[in-house]
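Below, read A as the first sequence line, B as the second, and so on, with proteins coming before strands; counting in each chain starts at 1. Bear in mind that the values here come from a model prediction, so they are computed numbers and not experimental data.
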Amino acid sequence: MTGHTGTGIGASLPRLEDLPLLLGKGKYFADLKRPGQLHVFFFRSIHAHAKIKSIDTRQAEELPGVVAVVTGEMIKDELLPLPQPSVTADLPGRKPTFWPLAVNKVIFHGEPVVAVVAEDPYVAEDALELIDVDYEPLPYVGDMEAALDPASPIVHEGWDSNQIFHIDFHSDRSESEHKDYVKRVAELIETAPHVIKQRYRVHRCGVTPMEPRGVLAEWDDTDGLMVWITSQRPHVDRYVFADVMSLPVSKVRVVAPVDQGGGFGVKAAIYREPMLITYLARKLGRPVRWLETREENLMTVGQERDQIHDLELAADENGKIIAARDMGMADAGDGCAGMYWGYNMPLVGAARFPNAFDIPFCEVQMRVAVTNKAVLSPARGLGIYPTRFALDRAIDMMARKIGMEPSDLRRKNLITELPAKLSTGITYDSGDFRKTYDRLIELADLPAFRKEQEAARKEGRYIGFGIGVGAEPSGVHSRRYIVNTGTPAYAATDVRIDHRGGVTVYYGDAPHGQSHKTVIAQIVSTELGVPPEHVTVIHGDTQSTPYSTGTVAARGASLVMSSVAVACRDLRKKMIRVFAHDHKADPDYSDYEFADGQVRHKRSDNLRSGFAELAYRIIVNSIDLPPGETGSLEQKAVFENDFGMVAFSAHGAFVEVCAKTGRVKILKYITSDDAGTVLNPQILVGQIEGGVIQGISNFLFEEYVYDENGQQLSSSLANYKIASAADVPAIDVYHDAGTYCPNTPLGARAMGEGCIGAVPGALGNAISDALQPFGVEIVETPVTPAKILRMIRG
Amino acid sequence: MYPSAIQNYEAPDSVDGAMAAIAKFGDDAHFIAGGQSLMQAIKSRIIQPETLVDLQNVDELRSLEMAQGVTIGAMVRYRDIAANAGLDGRLGALRDAASHVGDRQVRSRGTIGGSLCWNFVSACMPTVTLALDPRLTLGSEARGRREVGIRDFLGEPMETDRQEDELLISIFFPEAAGRHGSAYGKWSLLTDGLPVIGVCAAVSLDDDNKCTSARVSVGGLETGPVRFKRAEEELLGAGFDDLKSHEGAISAAAEEAEIFDDITGDAEFRRQLIRSVGLKSIVKAFERAAAAGADQ
Amino acid sequence: MKRDVTITINGVEYSGNIPIRMLLVDFIRDVAGLTGTHVGCTFEGQCGACTIHLNGEAVKSCLLLAVQCHGKEITTVEGLAREGALHVLQEEFHRHHALQCGYCTSGMLMNAAEFITERPDADDEEIRHALVGNICRCTGYTNIIKAISAAAKRNASV
Ligand SMILES: Cc1cc2nc3c(=O)[nH]c(=O)nc-3n(C[C@H](O)[C@H](O)[C@H](O)COP(=O)(O)OP(=O)(O)OC[C@H]3O[C@@H](n4cnc5c(N)ncnc54)[C@H](O)[C@@H]3O)c2cc1C
Ligand code: FES
Ligand code: FES
């Protein structure tokens, strides 16, 4: 699985990012300092829901070293609240109005109420102890189902209910067609020989990165606002800061540091704190910095999943699925995060509910409630983790009901004809789900396992096997993405060749572990024939890079890398035209190759030039060019696809469940993935291994816990339990049963985001399979040992 | 995140110096040993010490002596205990615990004395020592040295018999003739985490491999570690390989115990863990005791 | 409230008149300016990103005060490569793609650097057990285990 030994596309080229990181010379947010910088600490609400009666900050203000103490009242007339146009284009659903600091009332435990600015971070924290806030507690709204009840107390002042979003997916059915469609679904379910009707629930968990968030802002009367921020979307941040501070966009520059310690979606939304830091920098005329603590991180961002699905699945005698109805519900927390608003995740999850399955009639609805919790915010496998769990579990339960091997029933219902359009309107472009699936089945050797399982049961050992699948987005398209986030999906890169043949690639996203530098260099190397070391990649700086939505939503291998290839190909053509002109040769593009630092004609040995010489000829010595041609070798390319592309995975988990302690041990975990053209096998495998382990850790260990008063009980890494190396298995990743993607120039599919989707189904099914002697079906996560023992006891 | 302001820091190099320092600075002075619990409390500002008296330079507290019993200095680290092959058989439980506390880094700093003085509700060393029944030496400038048995030392969780000005100097396990074995095991959701349940068993065997004394302690309960008298009584007379009695003993005791529900598990789950972790510890303790005989 | 503190980090002495309450990790990052040592916790000391060597042993620098290390020698990730040559672990991490975002990497390297000298023959399970104090959110650990195992073998064969 190590690819070929070259340096171009398909090679397991060791990463160009590594060296500084290994030497401790990475450039992360926290490593940055500005002269005279001030430090911010937030005083946060101790209540989940309360009226603010008074705030006393006098003592804090008097503490030596404290420069300013600000409250919501003080700022609310000086900067605009969210929502703003930068993040709302075409978005459906409600959007609560919010400022960075609480005004009038607090709506979750951990909401920023007061900000202290001090010369020294230690002193800023000292000042927090001197602040006194008087609250009048209000009833806590903590249960999504109860929150949707008309009798529930209201989270957002002025709203008539707690419903922030509802969707009944129509695809392209008109209102009356849809009515008939829904009726048909009901009839089919009512008359089907086999129906599984079950509530499935996935808890609040997410993928908090190891590096917390941070913002450092500086104001200059001439240049305007300069912001360094841990972010997956510097360009969107830039628009937002311009909006809330009423500045021209040209007066805002945002830089996401070259190195970022992970993001996984957490750094993709627009949260409260950065808006306040930028405001303070202008107000105080000094650099202002906020570095999030882990506690703040765990209490305010990265809380995802948290959905309930009331699912009815109907099949005929032979196990062919004929209809499904999924009534989803989700808990958005307070809904106060720009772009996502707490409901983008469940929206996406529900839209993609049918997964890789051919469900002829499928009704899907999703209702989302606001509650007094931290906002539901993005995490890898955005929105889909709960829906994958629900449907994959229902399929196994159906198989058992009919008496079929679950893997057969699952196979039987996989979509076989692509392109396809789901009943929710989602489209899949290409692939061969069965081929990729069958590879997993082959690797799993199920007949042998079933024998082993039987023998083990006789010894009182409970082993099980389960499969989960995921037909996940490989890049999104703007028509959908604008509706989901209020921003477009296209990737834009700017490839510039210099007069010595070096290549610099500029793009506006902000990777944070995805190895884009290496993969981009490999693509440039293949397309232009230069060594990867001659490729420089600049990202994250809005001053030098083209606008683009960010490092999110599986846009890497699908869109970004495609735009790099397209730009390189345009540059190639120009170089060939000039070369052919200079040598009075025929400029037939397919006759030329770029390799080994040369541009050469494939059939005439003497028709060749050094890549650098030709670059110099066009960039600097730019006279006597072909008619209509200009100097310069800089090419911007924008890539998008108007049709949803897909990347399919099938995962198989083998587990052993200890009936004494309830402990789940994963014996083996295999994935078969369709990544299309594999750009760098080692990096691909690394992405999948990482994603799968996150999914496992979510399933078995991690949980954001709120008590009955909305107090968060999981605000440290001692309580929010992330798997260590000793808690998880190695993952066997296979990508040899993939299919070329015809809709990207390189044939690649994006895997990084979606690879987590198949995990909850695989684990839930494997554990249920192991526990069949007890009749246990897992319908709720996290699957903790205590719960397993309770289920075994019955 | 950051400690509150600290006025004084002392790092004495003798036991007398340490006792003098704590006496001098009084109420808001704290000893710091490995800091693996205290620093958490200081950084979250639950504790805001005026003075820290650092014990790292007091060599006397670092010694581990094996003559006429075993004397372990308060500043002996988990790492040192885990690596000390001399702590086998009778004191095997110490190594079982020490090699699975937290992680490598924590074990390189955290000390047995610190753990006992902190007496965290589910910590390992309080449970282990409760079963091994050592005597502790404490000292203060004002009142000199005194000895106290572990049962009297460990109070409610986070409380001990140690007075504010007292230094825990050492933990002494008297020599005992005969054949003894001990073992400790724990269960936590993540590997080597603070236990949901920890069980320590210490047993003695006669020449016929029958149990002549047994002590079983259980940690992870709301009350802090407790001795399971019922199990101890039922183990008396049990053969070293009599799995049924071992199982019966721990099950009976687990049934009786007062156990609460919390977010890490319900009472029934804890009972079940006591049974399964407890049985393993008991079996291992018997094995070790039996092996001790084989040497003689 | 303040003390003169001198700490030798990677062979270089760094001094400052610092508050007693200053954490060692802040001394390393802010006084010595060595930012390879990272912070991932509030107070709990669970993530391991701040792992350094004190007296040659891997410890968490967020759970120590700088004053406690006065006169002592510590090594941080910046001191791992010697005279321009990468440490075997750095080479193997690179070869095996054992890092993605790199945030946990310094701590992983420092913990593993001590471990492989202590236990050059450790098997995968023992290596996993040795890494309990270091969380990596990106890699899923498999490649880290491979890298450490390879480095231990190379180290032992020298
Ligand atoms: C990540 C992590 C994981 C952990 N996992 C576990 C686990 O699995 N099991 C477990 O049991 N523990 C665990 N712990 C806690 C660990 O065991 C602590 O090391 C131990 O509780 C305290 O020992 P210390 O030497 O660090 O003491 P310190 O933290 O320095 O001190 C603790 C208390 O004891 C006092 N004290 C210390 N020494 C003396 C003395 N000689 N005389 C008088 N008073 C003294 C101090 O003043 C302080 O009040 C974990 C800690 C961490 C950070
Ligand atoms: S910052 Fe030290 S362990 Fe996390
Ligand atoms: S590489 Fe990102 S946390 Fe380990």
Side-chain angles (χ1 to χ4, degrees), chain A residues 12 14-15 17-28 30-31 33 122 207-212 259-264 291 293-298 512-515 682-683 685-694 696 715-719 722-731, chain C residues 19 21-22 26 29-30 34-49 76-81 86-87 89-91 93-106 109 124-125 127-146:
Chain A
S12 278
R15 298 199 321 161
E17 287 89 343
D18 286 353
L19 194 62
L21 304 178
L22 289 165
L23 293 169
K25 304 222 162 98
K27 296 185 185 71
Y28 296 93
D31 307 340
K33 272 193 188 142
Y122 285 63
V207 192
T208 184
M210 290 321 293
E211 178 201 43
D259 297 307
Q260 297 198 71
F264 314 112
L291 182 59
T293 67
R294 174 62 59 194
E295 182 176 37
E296 292 178 301
N297 181 273
L298 290 170
H512 38 276
Q514 289 87 344
S515 320
Q682 196 178 39
I683 288 171
V685 172
Q687 287 292 310
I688 295 170
E689 285 172 345
V692 170
I693 295 299
Q694 289 168 356
I696 292 173
S715 59
S716 92
L717 292 174
N719 302 327
I722 299 175
S724 82
D727 302 306
V728 289
I731 307 298
Chain C
R21 63 167 157 170
M22 180 184 276
D26 288 337
R29 291 179 51 85
D30 297 335
L34 297 168
T35 55
T37 303
H38 298 149
V39 176
C41 300
T42 321
F43 62 83
E44 58 270 42
Q46 293 272 345
C47 77
T76 66
V77 66
E78 291 92 339
L80 215 48
L86 293 183
H87 189 279
L89 276 166
Q90 290 169 319
E91 287 182 356
F93 267 55
H94 181 52
R95 193 185 325 258
H96 291 277
H97 183 32
L99 62 153
Q100 291 181 19
C101 79
Y103 202 75
C104 71
T105 309
S106 330
L109 289 170
D124 283 5
E125 203 171 316
I127 296 172
R128 284 184 180 271
H129 187 233
L131 297 184
V132 165
N134 296 78
I135 302 173
C136 175
R137 206 41 160 156
C138 302
T139 63
Y141 302 108
T142 302
N143 288 344
I144 295 178
I145 310 302
K146 284 186 193 156

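Atom CG in Asp259(A) sits 11.5 Å away from atom OH in Tyr103(C) (nearest 0.5 Å). With rounding to the nearest 0.5 Å, the separation of OG in Ser12(A) from NE2 in His96(C) is 12.0 Å. Atom NZ of Lys25(A) and atom OG of Ser106(C) lie 12.0 Å apart (nearest 0.5 Å). Of the inter-residue distances, the one linking Arg294(A) atom CZ with Cys41(C) atom SG reads 7.0 Å to the nearest 0.5 angstrom. From Cys138(C), atom SG reaches atom CD1 of Ile693(A) across 13.0 Å, with rounding to the nearest 0.5 Å.
In this structure, the side chains of Asp30(C) and Lys33(A) come closer than 4.5 Å at one or more pairs of heavy atoms. Taking the side chain as every heavy atom from C-beta outward, Gln46(C) and Ile722(A) never approach each other to under 4.5 Å. Two residues are said to be in side-chain contact when any heavy atoms from C-beta on lie closer than 4.5 Å; Gln100(C) and Gln687(A) meet this criterion. Considering only heavy atoms from C-beta on, Leu23(A) comes within 4.5 Å of Leu86(C) through its side chain. Contact of the His94(C) side chain with the Leu19(A) side chain is not registered, since no non-hydrogen atoms from C-beta on lie closer than 4.5 Å.
Residue Val692(A) does not touch chain C at all, counting heavy-atom pairs closer than 4.5 Å. Contacts of Tyr141(C) with chain A are made by side-chain atoms alone, with heavy-atom separations under 4.5 Å and no backbone atom involved. Residue Thr139(C) touches chain A through its backbone alone, counting heavy-atom pairs closer than 4.5 Å. Both the backbone and the side chain of Ile135(C) come within less than 4.5 Å of a heavy atom of chain A. Both the backbone and the side chain of Glu295(A) come within contact range of chain C, judged by heavy atoms closer than 4.5 Å. Residue Pro212(A) touches chain C through its side chain alone, counting heavy-atom pairs closer than 4.5 Å. Looking at His97(C), the atoms closer than 4.5 Å to chain A (heavy atoms on both sides) sit in the backbone and in the side chain alike. Ala49(C) does not touch chain A: none of its heavy atoms, backbone or side chain, sits under 4.5 Å away.
Using a distance-only test at 3.5 Å, with no hydrogens or angles considered, no donor-acceptor pair links the side chain of Ser716(A) to the main chain of Glu44(C). For Tyr28(A) (side chain) and Gly102(C) (main-chain N/O), a donor-acceptor pair under 3.5 Å exists by modelled atom type. At distances below 3.5 Å, at least one donor-acceptor pair connects side-chain atoms of Gln682(A) with backbone N or O atoms of Arg95(C). Using a distance-only test at 3.5 Å, with no hydrogens or angles considered, a donor-acceptor pair links the side chain of Gln90(C) to the main chain of Leu22(A). Of the possible polar contacts, one joining the Arg128(C) side chain to the Val728(A) backbone as a donor-acceptor pair under 3.5 Å is found.
The shortest heavy-atom contact between Pro729(A) and Thr142(C) is O-OG1, 4.3 Å. Nearest heavy atoms, Val132(C) versus Ala726(A): CG2-CB, 3.8 Å. Closest approach of Ile145(C) and Ala725(A) over heavy atoms only: CD1-CB, 4.2 Å. Cys47(C) and Leu717(A) make their closest contact through CB-CD1, 3.9 Å (heavy atoms, listed as atom of the first residue, atom of the second, distance). Closest approach of Cys101(C) to Gly262(A), counting heavy atoms only: CB-N, 3.3 Å.
Across Gly263(A), Gly261(A), Gly691(A), Ser715(A), the residue that shares the most heavy-atom pairs under 4.5 angstrom with chain C is Gly261(A). For chain A, the option among Thr37(C), Leu34(C), Thr42(C) with the highest count of heavy-atom pairs below 4.5 Å is Thr42(C). Between chain C and the options Gly26(A), Pro20(A), Ser724(A), Ser515(A), the largest number of non-hydrogen pairs under 4.5 Å is found for Ser724(A). Ranked by non-hydrogen atom pairs under 4.5 Å with chain A, the options Thr105(C), Leu131(C), Asn143(C), Ile144(C) are led by Asn143(C). Heavy-atom pairs under 4.5 Å with chain A peak, among Glu125(C), His129(C), Met22(C), at Met22(C). Interface summary for chain C: among Thr293(A), Leu21(A), Asp18(A), the most heavy-atom pairs under 4.5 angstrom belong to Asp18(A).
Taking the charged nitrogens against the carboxylate oxygens, Asp31(A) and Arg29(C) do have a contact shorter than 4.0 Å, which makes a salt bridge.
Partners of Glu211(A) by side-chain hydrogen bond (donor to acceptor under 3.5 Å, both in side chains), not counting sequence neighbours, listed by chain and number: Lys267(A). A search for side-chain hydrogen bond (donor to acceptor under 3.5 Å, both in side chains) contacts involving Asp26(C) returns Tyr122(A), not counting sequence neighbours.
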